[in-house]
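Quick one: this structure, given as structure tokens, is what I'll be asking you about.
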Number of protein chains: 2
Amino acid sequence: MKISEVAAKTGLTIDTLRFYEKIGLITPPPRDDAGRRSYDPDILGWVRFLDQLNATGMKQADRIRYARLRAQGPATYAERRQMLEDHRTAIAAQLVQLQDTLKLMDQKVVHYRALEAQHIEPEPTHD
Amino acid sequence: MKISEVAAKTGLTIDTLRFYEKIGLITPPPRDDAGRRSYDPDILGWVRFLDQLNATGMKQADRIRYARLRAQGPATYAERRQMLEDHRTAIAAQLVQLQDTLKLMDQKVVHYRALEAQHIEPEPTHD
DNA sequence: GCTTGAGCTGGAGTGCACTCCAGCCCCTAT
DNA sequence: ATAGGGGCTGGAGTGCACTCCAGCTCAAGC
């Protein structure tokens with residue numbers, strides 16, 4: 001796959017893909033005769049997984065660490081599992097925070113509706 | 001309350017409190033005779049609320065907009081309610097994302113445990 | 001055979017949300 | 001009365017995660 005295809009299918013920009021490669025989130029793909037990146041389609045799943053870690057608040061440094069472990073193969077299974085367990089814990093904490101705040105939003109919306117009913121805007125009169 | 005007390009009770013730093021004032025998240029408190037900020041304890045609830053919006057992904061610009069509306073009083077009830085409803089929607093979306101990823105973490109942890117069982121690290125032998 | 005467009009590199013720039021600093025003033029305790 | 005600590009201002013600096021750019025090469029279509 002060309003870099004533009006990977007960009008289109010993952011939603012990242014071409015610049016971001018190259019940036020991810022530079023910082024070690026993506027292993028450098030082989031190049032074609034003209035020196036252009038030629039990706040294995042497997043990259044799509046990996047990029048989407050990275051995106052999911054991103055969207056759930058994992059730091060770049062940790063994603064890089066995970067990517068490096070992954071590149072080292074089976075010897076790092078335990079360490080990778082530990083990272084995922086830690087992230088699971090972080091997600092659980094975020095879920096609590098979000099649920100609390102969701103509830104608060106609902107309460108406040110109800111509260112504001114009551115306030116709005118009391119505070120009728122003085123309409124411009126034309127009589 | 002002195003700024004140091006507000007900082008201690010909210011978890012923000014003194015610098016951050018002054019910064020929040022500068023950008024309009026906090027209305028400038030009255031000053032004592034020596035020109036030092038003297039906060040009404042009500043500030044604590046407001047700061048914690050801001051923190052909650054922050055922790056659930058609301059952008060600075062939106063928090064500032066909300067703070068400004070709040071400072072304008074009852075005339076902005078409807079607009080504030082709308083902002084909270086929008087944020088509620090955003091939170092709901094994040095919840096889905098987090099739940100999906102939580103599930104994925106669990107699956108991957110199970111997967112890694114299986115892989116670990118198959119890949120027994122060759123221990124250094126001393127015989 | 002030349003233009004167009006995609007891709008390449010190294011490096012500079014951006015936006016967000018703080019965070020730190022120098023140099024000053026005031027109040028309190030010794 | 002003086003030394004220390006807290007607070008003040010305006011402005012510069014930081015860290016993160018990209019994002020953009022100049023100037024180049026290469027391959028393909030007209």
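Here is the naming used below: chain letters follow the sequence lines, and residue numbers restart at 1 for every chain.
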Practice item. Look at the side-chain N and O atoms of A:Asn54 and state whether any lies under 4.0 Å from the OP1 or OP2 oxygen of D:dA17. Key: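 No, outside the criterion.
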
**Study point:** C:dT9 OP1/OP2 closer than 4.0 Å to side-chain N/O of A:Arg18
**Key:**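 For C:dT9, OP1/OP2 do not have a side-chain N/O of A:Arg18 under 4.0 Å.
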
Check your understanding: Start at the 5' end of DNA chain D and walk down; is the nucleotide closest to A:Asp15 or to B:Ile14 reached first?
Key ->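 Per heavy-atom nearest nucleotide, the more 5' residue is B:Ile14.
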
Point to revise | Pair A:Thr101-A:Gln97, side-chain donor/acceptor within less than 3.5 Å | key: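 Yes, A:Gln97 and A:Thr101 have a side-chain donor paired with an acceptor closer than 3.5 Å.
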
Exercise for review: Mind calculating the distance between NZ (B:Lys22) and C1' (C:dC20) to the nearest angstrom?
Suggested key: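 About 11 Å, once rounded to whole Å.
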
Check your understanding: Can we say B:Arg18 and B:Asp15 salt-bridge, meaning some charged N sits less than 4.0 Å from an Asp/Glu carboxylate O?
Key ->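 Yes, B:Arg18 and B:Asp15 are salt-bridged.
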
**Study point:** Chi angles and distances behind the side-chain contact (heavy atoms from CB on, under 4.5 Å) call for B:Arg48, B:Lys9
**Key:** CA-CA 10 Å; B:Arg48 283 187 195 120; B:Lys9 296 204 180 178; 4.1 Å; yes

Practice item. Find which nucleotide of DNA chain C each of B:Arg36 and B:Met58 is nearest to by heavy atoms, and output the residue with the more 5' nucleotide. Key: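 Closest to the 5' end, via its nearest nucleotide, is B:Met58.
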
Check your understanding: Is the phosphate of D:dG7, meaning OP1 or OP2, less than 4.0 Å from a side-chain N or O of B:Ser4?
Key ->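 For D:dG7, OP1/OP2 do have a side-chain N/O of B:Ser4 under 4.0 Å.
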
Check your understanding: Just how far, in rounded Å, is C1' of C:dT14 from CZ of A:Phe19?
Key ->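 A:Phe19 atom CZ is separated from C:dT14 atom C1' by 13 Å.
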
Point to revise | Distance test, side-chain N/O of B:Arg31 to OP1/OP2 of D:dT9, below 4.0 Å | key: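 Yes, within the criterion.
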
Practice item. Specify the residue among B:Arg37 and A:Ala61 whose closest nucleotide of DNA chain D lies further upstream toward the 5′ end. Key: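 Per heavy-atom nearest nucleotide, the more 5' residue is B:Arg37.
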
Exercise for review: Starting at atom CG of B:Asp32, determine the distance to atom C1' of D:dC8, rounded to an integer number of angstrom.
Suggested key: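 Answer to the nearest Å: 11 Å.
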
Review point. Counting only side-chain N and O atoms of A:Tyr20, is one of them less than 4.0 Å from OP1 or OP2 of D:dA17?
Key: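 For D:dA17, neither OP1 nor OP2 has a side-chain N or O of A:Tyr20 closer than 4.0 Å.
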
Practice item. Using whole Å, report how far CG of A:Leu12 lies from C1' of D:dA17. Key: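 Computing the A:Leu12:CG to D:dA17:C1' distance gives 12 Å.
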
Practice item. Scan B:Ile3 against the nucleic acid and name what it touches under 4.0 Å (heavy atoms): base, sugar-phosphate only, or nothing. Key: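 Sugar-phosphate: the residue B:Ile3, judged by heavy atoms under 4.0 Å, touches backbone atoms but no base.
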
Exercise for review: Just do the side-chain contact (heavy atoms from CB on, under 4.5 Å) check on A:Tyr66 and A:Phe49 with the steps written out, would you?
Suggested key: CA-CA 11 Å; A:Tyr66 189 90; A:Phe49 179 57; 3.7 Å; yes

Point to revise | Test log, rule salt bridge (Lys or Arg N to Asp or Glu O under 4.0 Å), inputs A:Glu79 and A:Arg68 | key: CA-CA 11 Å; A:Glu79 215 173 331; A:Arg68 275 210 242 290; over 6 Å; no

Practice item. Examine C:dT19: is either OP1 or OP2 under 4.0 Å from a nitrogen or oxygen in the side chain of B:Thr16? Give yes or no. Key: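 True: B:Thr16 side-chain N/O within range (under 4.0 Å) of C:dT19 OP1/OP2.
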
**Study point:** Nucleotide nearest A:Ala34 when distance is taken to its side chain, options C:dA17, C:dG11, D:dC26
**Key:**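 Closest of the options to the side chain of A:Ala34: D:dC26.
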
Check your understanding: From D:dC18, C:dC8, D:dC26, pick the nucleotide closest to the side chain of A:Gln60?
Key ->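 It is D:dC18.
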
Review point. Given D:dC18, is OP1 or OP2 found less than 4.0 Å from the side-chain N or O atoms of A:Arg63?
Key: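 Looking at the OP1 and OP2 atoms of D:dC18, one of them is under 4.0 Å from a side-chain N or O of A:Arg63.
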
